[in-house]
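The structure appears right after this line, and notes come after that.
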Amino acid sequence: MKKGLLTGNALKIIAMLSMLFDHAAIILFGNFEPFRIIGRLAFPIYAYLIAEGCRHTSGKFLYFLRVFALGALCQIVFYFIDKSLYLNILLTFSVSIPMVYFLNYAKKNALFTLLFLAVLAALWVFVQRLSVYGITFDYGFFGIMLPVLLSVTDNRREKALLAFFGLFIIAQSYGGNQMWSLLAVPLLLLYNGKRGKLDLKTFFYVFYPLHLAILWGLQYLVRLNIINF
């Protein structure tokens, strides 16, 4: 298959900008729908790149630890800001990552396949039980499973097809503007499998808490009537 035009860095930048529009709509612009639609591109791209990260990283535990630690720290801040137990996307992906690793073992061993299915069922029950207490993962069980689904194959076209299938299920489950997330699939087909020339890993990790801090700071200034949009 012919190599695509977009590096991993390019996809991450697209996802970052999409996420910025989405969170700006929520925090500053009263859920401005065009920005929310643009924001629907972020999750599928990040889910795809999480699956790729699990496949290529040489430090599997450190990869998980980075995502989990940042997600946990952000969640503590989020709780003090709005008292919400809605878990952020990094914590969703923190559950996805070990499930991807588990799937990779399961693909090589029939015994692990049965164990994987058992863990999958237990995870479903666990997520549902947490929701009873108001603790909800971003995009729920299906959000956790999208990177896992994308790890079933290494073929880009098959991955895109699986992404379409997974996103369609999520869109049907959540409704609203979620169907727009399917527009990310053509972008995933353009991925060329390369990271890109620059090492922007630290910037990508810092961007998540940084852009939220800036948006909440602007929201605070708006409430004080210091600035207006």
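These values consider heavy atoms only, across backbone and side chains, with no hydrogens, waters or symmetry-generated copies. Everything numeric here is computed off the predicted structure, so don't read it as measured data.
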Can you hop from F78 to Y133 via hydrophobic side chains spaced under 4.5 Å? no
Minimum heavy-atom separation for L215 to A24, with atom names? CD1-N, 3.7 Å
Where the side chain of S94 meets the backbone of L90, is there a donor-acceptor pair that is under 3.5 Å apart? yes
Taking every heavy atom of Q75 against every heavy atom of L87, the minimum-distance pair comes out as OE1-CA, 3.4 Å
Step through it carefully: locate the ring centre of Y46, locate the ring centre of F43, and say whether they are under 6.0 Å apart. no
Calculate, to the nearest 0.5 Å, the distance between atoms OH and NE2 belonging to Y63 and H56 respectively. 10.5 Å
Got K12 and L49 here, is their nearest side-chain heavy-atom distance under 4.5 Å? yes
Is a side-chain N or O of Q219 found less than 3.5 angstrom from the main chain of I27, in a donor-acceptor match? yes
Mind checking whether L70 and I76 sit in one hydrophobic cluster, side chains of I, L, V, M, F, W, Y counted as touching below 4.5 Å? no
Between CZ of F141 and OG1 of T136, what distance do you get to the nearest 0.5 Å? 15.0 Å
side-chain contact (heavy atoms from CB on, under 4.5 Å) assessment of C74 paired with Y208: CA-CA 9 Å; C74 289; Y208 183 73; 3.8 Å; yes
Closest non-hydrogen atom pair, P44 against S181: CG-O, 3.8 Å
Establish whether I81 and L212 are linked, either directly or via other cluster members, by ILVMFWY side-chain heavy-atom contacts under 4.5 Å. yes
On a heavy-atom basis, the closest approach of P147 and S151 is O-OG, 2.9 Å
In terms of hydrophobic clustering (I, L, V, M, F, W, Y; side-chain heavy atoms under 4.5 Å; direct or indirect links), are L198 and F203 co-clustered? yes
Is C54 close to Y101 at the side-chain level, that is, under 4.5 Å between some pair of heavy atoms? yes
Report yes if the side chains of D138 and L91 come closer than 4.5 Å at any heavy-atom pair, otherwise no. no
On a heavy-atom basis, the closest approach of V148 and L103 is O-CD2, 3.3 Å
From L11 atom CG to L188 atom CG, the distance as rounded to the nearest 0.5 Å: 6.5 Å
Within this structure, what is the OG-CG distance for the pair S96 and L150, rounded to the nearest 0.5 Å? 10.0 Å
Step through the shown structure and confirm whether more than 12 heavy atoms of other residues, nucleotides or ligands are within 6.0 Å of CH2 on W180. no
Please state whether the rings of F164 and F168 are parallel, tilted or perpendicular, taking 30° and 60° as the class boundaries. parallel
Is there a donor-acceptor pair under 3.5 Å between the side chain of Y174 and the backbone N or O of Y139? yes
L5 vs Y191, side-chain contact (heavy atoms from CB on, under 4.5 Å): CA-CA, chis, key distance, verdict: CA-CA 6 Å; L5 300 174; Y191 176 54; over 6 Å; no
Do any N or O atoms from the side chain of K194 and from the backbone of T7 form a donor-acceptor pair under 3.5 angstrom? no
Regarding N9 and R195, is there a side-chain donor-to-acceptor distance under 3.5 Å anywhere? no
Below 4.5 Å, heavy atoms only, C-beta onward: do F21 and I37 meet side chain to side chain? no
May I ask you to test the V77-L73 pair for a side-chain heavy-atom distance under 4.5 Å? no
First locate atom CD1 of I89, then atom CD1 of I50, and finally report the distance between them rounded to the nearest 0.5 Å. 9.0 Å
Can you tell if the side chain of K108 reaches within under 4.5 Å of the side chain of Y105, non-hydrogen atoms only? no
Once the angle between the rings of H211 and F207 is folded into 0 to 90°, is it parallel (under 30°), tilted (30 to 60°) or perpendicular (over 60°)? parallel
Surrounding OH of Y220 (heavy atoms of other residues, nucleotides or ligands, distance under 6.0 Å), is the total greater than 12? no
Taking every heavy atom of I45 against every heavy atom of A184, the minimum-distance pair comes out as CG1-CB, 4.3 Å
Between F116 and F112, is the ring centroid distance below 6.0 Å? no
I would like to know whether I144 and L123 meet side-chain contact (heavy atoms from CB on, under 4.5 Å); could you show each step before the answer? CA-CA 10 Å; I144 292 171; L123 178 61; 3.9 Å; yes
Tell me whether R55 contacts the main-chain N or O of A51 through its side chain, where contact means a donor paired with an acceptor under 3.5 Å. no
Measure the shortest side-chain to side-chain distance between F137 and L130 over non-hydrogen atoms and say whether it is less than 4.5 angstrom. yes
Report, as yes or no, whether the 6.0 Å neighbourhood of atom NZ on K107 holds more than 12 heavy atoms from other residues, nucleotides or ligands. yes
Is any side-chain heavy atom of L161 closer than 4.5 Å to one of F165? no
Lys/Arg-Asp/Glu bridge criterion (N-O < 4.0 Å) met for E52, K159: yes
Please answer whether the main-chain N or O of A106 pairs with a side-chain N or O of T113 as donor and acceptor at a distance below 3.5 Å. yes
Between L85 and V132, is there shared hydrophobic-cluster membership here, with clusters defined by ILVMFWY side-chain heavy atoms closer than 4.5 Å? no
Calculate, to the nearest 0.5 Å, the distance between atoms CG and OG belonging to L20 and S18 respectively. 9.0 Å
Is the number of heavy atoms from other residues, nucleotides or ligands under 6.0 Å of F68 CZ greater than 12? no
Test side-chain contact (heavy atoms from CB on, under 4.5 Å) on M19 and L41; report intermediate values, then the result. CA-CA 8 Å; M19 181 172 63; L41 298 177; over 6 Å; no
